[in-house]
Number of protein chains: 2
Amino acid sequence: MGFSETMKAISDPQRRQMLTLLKQERLSAGEIVQHFPSLSAATVSYHLSLLKKASLITESKYKNFIYYELNASVFEEIMLWCAQFTGGTDETQDQAD
Amino acid sequence: MGFSETMKAISDPQRRQMLTLLKQERLSAGEIVQHFPSLSAATVSYHLSLLKKASLITESKYKNFIYYELNASVFEEIMLWCAQFTGGTDETQDQAD
DNA sequence: TATCTATTTAGAATTTTTTCGAAATAGGAG
DNA sequence: CTCCTATTTCGAAAAAATTCTAAATAGATA
């Protein structure tokens, strides 16, 4: 939910790779697990839960699968935060952190 | 230097606050310490070293002070990474992670 | 109903990050 | 040269994040 949670979530390379996978298409938890041979299903599930808490992905259930999907809108917020440093935006704007 | 180091560096709220402070003006280590009453000078120094490693700040010495200054250009790279998810940029572009 | 498949949750172990106090470094001032 | 001020580095302790295996959940199928 909060900005800090989002930044923490995207700070991990494996979680960023999960986001990249989901950029192309929505995937079930099992399909995501297959992309990480070095991690157990439980660990991938843990990472997905962090991404979900940060609103970076959403889940929907179908049969006994859980599908994950990217929520692109959160990235706008991060870009806005960055923009305050590049001098590219109105500097009077409210900003998280 | 690497993208991962940068993302790790900005994932911490206290380090983000240091960047925000440096957005306005360059500050000495001691001046930055004063903004964080709950942290020791050693701890602030540790955080500054991470920001420096991530190229988010640069340092310059004057007398026995060390001044820190923001390096805004790194934020462009983060924004570019975010943009691939918002559909706002050329998707054929190479991207870290 | 019994069982199989997909996934998460729980609990514990490991690893990484953060933090501090004390000691080291470095340069300026007397 | 000696002391003082600013800051970092070191080593250890504490806190947080990551990971695993095993057990729990939930829905589908036989």
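Lettering follows sequence order; numbering is per chain, from 1.
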Residues 30-46 of chain A side chain polar contacts: donor-acceptor under 3.5 Å, at least two apart:
{"unit_1": "A:E31", "atom_1": "OE1", "unit_2": "A:S28", "atom_2": "N", "d": "2.8"}
{"unit_1": "A:E31", "atom_1": "OE1", "unit_2": "A:S28", "atom_2": "OG", "d": "3.3"}
{"unit_1": "A:H35", "atom_1": "ND1", "unit_2": "A:E31", "atom_2": "O", "d": "3.0"}
{"unit_1": "A:S40", "atom_1": "OG", "unit_2": "A:T43", "atom_2": "N", "d": "3.2"}
{"unit_1": "A:S40", "atom_1": "OG", "unit_2": "A:T43", "atom_2": "OG1", "d": "3.1"}

**Report entry** A:R26 side chain vs A:Y67 backbone, donor-acceptor pair below 3.5 Å
**Finding:** no

Report task. Using whole Å, report how far CD1 of B:I66 lies from C1' of C:dA24. Result -> 14 Å

Requested in this report: State which residues pass side-chain contact (heavy atoms from CB on, under 4.5 Å) with B:S73; sequence neighbours excluded, sorted by chain then number.
Outcome: B:N71

Query raised in the report: Quick one: side-chain hydrogen bond (donor to acceptor under 3.5 Å, both in side chains) partners of A:S49, sequence neighbours excluded?
Result: none

Could you pull out the protein-nucleic contacts involving nucleotides 15-22 of chain D (nitrogen or oxygen on both sides, under 3.5 Å)?
{"unit_1": "D:dT18", "atom_1": "OP1", "unit_2": "A:R15", "atom_2": "NH2", "d": "3.4"}
{"unit_1": "D:dT18", "atom_1": "OP2", "unit_2": "A:R15", "atom_2": "NH1", "d": "3.2"}
{"unit_1": "D:dT18", "atom_1": "OP2", "unit_2": "A:Y46", "atom_2": "OH", "d": "2.9"}
{"unit_1": "D:dT19", "atom_1": "OP1", "unit_2": "A:Q14", "atom_2": "NE2", "d": "3.0"}
{"unit_1": "D:dT19", "atom_1": "OP2", "unit_2": "A:Q14", "atom_2": "NE2", "d": "3.3"}
{"unit_1": "D:dT19", "atom_1": "OP2", "unit_2": "A:H47", "atom_2": "NE2", "d": "2.4"}
{"unit_1": "D:dC20", "atom_1": "OP1", "unit_2": "A:S38", "atom_2": "O", "d": "3.1"}
{"unit_1": "D:dC20", "atom_1": "OP2", "unit_2": "A:S40", "atom_2": "N", "d": "3.0"}
{"unit_1": "D:dC20", "atom_1": "OP2", "unit_2": "A:S40", "atom_2": "OG", "d": "3.1"}
{"unit_1": "D:dC20", "atom_1": "OP2", "unit_2": "A:T43", "atom_2": "OG1", "d": "2.6"}

Query raised in the report: Heavy atoms under 4.0 Å, any strand shown: does B:S28 hit a base, just sugar-phosphate, or nothing?
Result: sugar-phosphate

Query raised in the report: If the sugar-phosphate is the primed atoms plus P, OP1 and OP2 and the base is the rest, what is the B/S/- string for nucleotides 25-30 of chain D, using protein heavy atoms under 4.0 Å?
Result: --BSS-

Report task. Taking ring pair (Phe, Tyr, Trp, His ring centres under 6.0 Å) as the test, write out the residues that go with B:F75, two or more places apart. Result -> A:W81, A:F85

Report summary line: Rounded to whole Å, the CD-C1' distance (B:Q34 to D:dT7) equals 14 Å

Query - Rounded distance in Å - OH (A:Y67) to P (C:dT5) - result: 16 Å

Requested in this report: Let me know the distance between CD1 of A:I32 and P of C:dT7, rounded to the nearest Å.
Outcome: 9 Å

Query - Nearest-angstrom distance from the residue atom CG of A:L51 to P of C:dT7 - result: 16 Å

Query raised in the report: Reckon A:F36 touches a base, only the sugar-phosphate, or nothing at all at heavy-atom distances under 4.0 Å?
Result: nothing

